[in-house]
Amino acid sequence: MAFVGFLESGAWSAAVVILLVLTPLYGVRVARSMGRVWPAGAGLDPADRAAVVRATRRGESVRDPRLAPDVARYAEALRVTAEQDRLRWWVPALVAAVALALAGYDTVAGTTREALVSWLVVVLVVVELTWGPRRRNRLLARVQRAEAAARAPRRHDAAGG
């Protein structure tokens, strides 16, 4: 968004302000949301939390067996979040409609720069609407693999006992 702000205004200061305002707001929103659906994550030390998140999002087995229950809890939190996103299907549709309306308006009444930036936003919204669900589905498939690995009984190798 900061780049779009720069393109629209032609001023780096606008991009910096957008970056400095939106980044913390988005970060706080995501952290609060995950804290609600995965409260157990707050009890993990940062290295363990990172290991759980990494293994789950990659669809891998977590190396430390004591973290396996946390993988299952984090996997459930990601599924809950994905379901909440599905229930809010109207938000991206509204953003797309507004972007399209603004692009049309800027084409008729705005400058060439405003029209180009507005149509760029429309393209980015369309890309997100088509790419986002596929990305989410791939993530959920990896999450399912990680959860299955976490729930599977551990086998001891011959050297490790």
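Looking at R142 and T56, their side chains never come closer than 4.5 Å, going by heavy atoms from C-beta outward. At least one side-chain heavy atom of V91 sits less than 4.5 Å from a side-chain heavy atom of R88. Using a 4.5 Å heavy-atom threshold, the side chains of R134 and T130 count as touching.
Other residues, nucleotides and ligands place more than 12 heavy atoms under 6.0 Å from the CD atom of E60. At most 12 heavy atoms of other shown residues, nucleotides or ligands fall within 6.0 angstrom of atom CZ in R63.
Paired with V71 under the rule side chain to side chain contact (heavy atoms under 4.5 Å, CB included), one option of V62, V143, V53 passes, and it is V62.
Remark: L67 CG to S61 OG distance equals 10.5 Å, nearest 0.5 Å. Considering CG of L78 and CE of M34, their distance stands at 5.0 Å, rounded to 0.5 Å.
Remark: the Y74 side chain and the R57 side chain contain an N/O donor-acceptor pair separated by less than 3.5 Å.
Minimum heavy-atom separation, D106 to E114: OD2-O, 3.6 Å. Smallest separation of non-hydrogen atoms from A103 and S118: CA-CB, 3.5 Å. Summarising the geometry of V80 relative to V37, their closest heavy-atom pair is CG1-CG1, 3.8 Å, with the distance given to 0.1 Å.
Remark: side-chain polar atoms of N137 are paired, donor with acceptor, to backbone N or O of P133 under 3.5 angstrom.
No continuous path of hydrophobic side-chain contacts links V125 to V123 [ILVMFWY only; heavy atoms under 4.5 Å]. Tracing side-chain contacts under 4.5 Å through hydrophobic residues (I, L, V, M, F, W, Y), one reaches W90 starting from V98; they form part of the same cluster.
With sequence neighbours excluded, the residues satisfying side chain to side chain contact (heavy atoms under 4.5 Å, CB included) with R29 are Y26. R73 is linked by a salt bridge (charged side-chain N to carboxylate O under 4.0 Å, His left out) to D70, counting only residues two or more places apart in sequence or in another chain.
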*asked:* Using the rule given for side chain to side chain contact (heavy atoms under 4.5 Å, CB included), can you reason through R145 versus R58, listing the C-alpha separation, both sets of side-chain angles and the distance that settles it, and then say yes or no?
replied: CA-CA 9 Å; R145 284 195 310 270; R58 290 180 180 174; over 6 Å; no

*So E147 and R151, salt bridge (charged side-chain N to carboxylate O under 4.0 Å, His left out) or not? Walk me through it.*
CA-CA 6 Å; E147 185 177 25; R151 292 188 190 280; 3.0 Å; yes

_Set out, in order, the CA-CA distance, both residues' side-chain angles and the distance that settles side chain to side chain contact (heavy atoms under 4.5 Å, CB included) for Y105 and L100, then state yes or no._
CA-CA 9 Å; Y105 177 80; L100 192 58; over 6 Å; no

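Here ring pair (Phe, Tyr, Trp, His ring centres under 6.0 Å) pairs that include residues 113-150, with residues two or more places apart or in two chains, number zero.
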